[in-house]
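Not measured: the values here are computed from a predicted model.
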Amino acid sequence: MNILLVTAGYSIFDAKGQLNGFLSYLTDKTLSEKGHKVKISDVTKETLNMDRELNKLLWADIIIYIMPVMWFNMPAPLVKWLGEVLMYEKTFVITDEYGEGGQVPADKFMIVTTSNMKSNDLGKGFVLKNASHIDDLLQPLIMTNHYLSIRNQIPTFHADNVIAGETHWIKKDYVKHLNKHF
């Protein structure tokens, strides 16, 4: 399979973006060793060539987004990348049925996300009471993929409590997740 890793980890507050970079490295290494072809788009780089980014997007069979949850959404560099790489008549067209004009050939996507919230915080309290699963926070990215006709979602991997908590479990659990789904 042709797999595009779209990584959006960067330094903000106490987070330095290193975990997202490590998860990208692990993904590339694990999937390349399985014989998949992997390309990486680090959307935090200011020097991205959008023609090259578009070609990578149209090349991919599977897209994996590796990112921190930022203010209950995608980080700004990923939003910017999507805004620039998604082009009318190249990645989508307008149709009578809204959302049925996706032109991206990939048929699967996966989200790998990091956050400082604990998984057991989901569905609790005022802010998260309506978000019982991490995907509830990731609907803008999920819906964007569906709009592009990438409709099969591989289960999300969420590394939680990454600033205040223990992180030793992440490598083993993530490689297990990759091996299960690829």
Side-chain angles (χ1 to χ4, degrees), residues 1-10 20-21 23-24 26-28 30-32 34-115 122 130-159 174 177-182:
M1 302 291 276
N2 295 337
I3 300 173
L4 175 60
L5 305 183
V6 180
T7 183
Y10 63 103
N20 290 278
L23 291 169
S24 181
L26 269 180
T27 307
D28 183 14
T30 303
L31 298 181
S32 293
K34 290 178 170 288
H36 299 289
K37 294 178 184 136
V38 178
K39 292 184 180 181
I40 300 172
S41 289
D42 182 345
V43 302
T44 65
K45 304 290 187 217
E46 292 294 324
T47 58
L48 290 177
N49 176 307
M50 283 306 148
D51 289 333
R52 190 174 312 129
E53 294 301 301
L54 176 62
N55 287 335
K56 286 192 268 186
L57 182 64
L58 296 175
W59 163 86
D61 299 311
I62 299 174
I63 301 167
I64 300 175
Y65 302 92
I66 301 174
M67 61 180 209
V69 172
M70 300 299 298
W71 299 111
F72 310 102
N73 204 331
M74 298 174 270
L78 180 54
V79 174
K80 179 181 178 196
W81 182 83
L82 289 167
E84 293 180 17
V85 79
L86 301 181
M87 296 181 204
Y88 180 64
E89 296 186 341
K90 299 212 186 257
T91 60
F92 70 95
V93 295
I94 304 301
T95 59
D96 291 337
E97 179 85 22
Y98 187 82
E100 296 303 320
Q103 302 291 303
V104 176
D107 70 339
K108 294 180 183 175
F109 72 99
M110 181 173 82
I111 301 171
V112 178
T113 192
T114 59
S115 76
L122 292 164
N130 295 319
S132 60
H133 189 275
I134 193 65
D135 281 354
D136 295 332
L137 301 179
L138 304 172
Q139 284 303 302
L141 182 55
I142 291 168
M143 292 173 72
T144 297
N145 279 273
H146 291 177
Y147 184 87
L148 298 170
S149 295
I150 311 167
R151 307 250 166 106
N152 297 305
Q153 183 177 358
I154 298 166
T156 298
F157 181 85
H158 177 211
Y174 184 54
H177 185 84
L178 288 172
N179 286 331
K180 178 179 179 180
H181 296 289
F182 292 87

By salt bridge (Lys or Arg N to Asp or Glu O under 4.0 Å) - contacts of Arg151 (at least two apart): Glu100

OH (Tyr88) with more than 12 external heavy atoms under 6.0 Å: yes

Sequence neighbours excluded, which residues qualify as side chain to side chain donor-acceptor pair (under 3.5 Å) partners of Thr27? Tyr174

Heavy-atom closest pair, residues Pro68 and Gly9: CD-CA, 4.0 Å

With a 4.5 Å heavy-atom cut-off, do Trp59 and Lys37 have their side chains touching? yes

What's the separation between atom NZ in Lys90 and atom CG in Leu54, rounded to the nearest 0.5 Å? 6.5 Å

Would you check if the side chain of Ser24 reaches a backbone N or O of Asn20 as a donor-acceptor pair within less than 3.5 Å? no

Quick one, Ser41 and Leu4 - any side-chain contact, counting heavy atoms below 4.5 Å? yes

Reported CG-to-NE2 distance for the pair Leu23 and His177, which is rounded to 0.5 angstrom: 11.0 Å

Pro105: partners by side-chain contact (heavy atoms from CB on, under 4.5 Å), with sequence neighbours left out: Leu58

Ile40 and Asp28: side chain to side chain contact (heavy atoms under 4.5 Å, CB included), yes or no, with the steps? CA-CA 8 Å; Ile40 300 172; Asp28 183 14; 3.7 Å; yes

Would you mind reporting whether Ile154 and Ile62 have side-chain heavy atoms less than 4.5 Å apart? yes

Does the side chain of Asn145 come within less than 4.5 Å of Gln153's, by heavy atoms? no

Sub-3.5 Å donor-acceptor pair from the side chain of Asn2 to the main-chain atoms of Asp61, do we have one? no

Anything under 30° is parallel, anything over 60° is perpendicular, the rest tilted; go ahead and classify His36 against Phe182. perpendicular

Of all heavy-atom pairs between Thr44 and Ala8, which one has the smallest distance, and what is that distance? CG2-C, 3.9 Å

Between His146 and Gly99, is there a donor-acceptor pair closer than 3.5 Å when you use the side chain of the first and the backbone of the second? no

Atom pairs and distances, donor-acceptor, side-chain atoms in residues 72-85, under 3.5 Å, two or more places apart:
unit_1 : atom_1 : unit_2 : atom_2 : d
Trp81  : NE1    : Glu53  : OE1    : 2.9

Is there a side-chain contact between Leu178 and Met110 in this structure, where contact means two heavy atoms from C-beta onward sitting under 4.5 Å apart? yes

Value rounded to 0.5 Å, distance of CD1 in Ile3 from CE in Met1: 7.0 Å

Tell me, please, which residues at least two apart from Lys34 pass side chain to side chain donor-acceptor pair (under 3.5 Å). Asn179

Verdict with reasoning, Leu138 to Val69, per side chain to side chain contact (heavy atoms under 4.5 Å, CB included): CA-CA 8 Å; Leu138 304 172; Val69 172; 4.2 Å; yes

Would you confirm whether Gln103, through its side chain, and Gly101, through its main-chain N or O, come within 3.5 Å as a donor-acceptor pair? yes

In chain order, what residues pass the side-chain contact (heavy atoms from CB on, under 4.5 Å) check against Asp107, with sequence neighbours excluded? Asn152

Starting at CD1 of Ile63, measure out to CD1 of Ile111 and round the result to the nearest 0.5 Å. 11.0 Å

Contact check, side chains of Ile64 and Val112, non-hydrogen atoms, under 4.5 Å: yes

Should Leu141 and Met67 count as side-chain neighbours, where that means a heavy-atom distance under 4.5 Å? yes

Write down the atom of Leu57, the atom of Val104, and the distance for their closest heavy-atom approach. O-CG1, 4.0 Å

Under a 4.5 Å cut-off applied to non-hydrogen side-chain atoms, are Ile142 and Phe109 in contact? yes

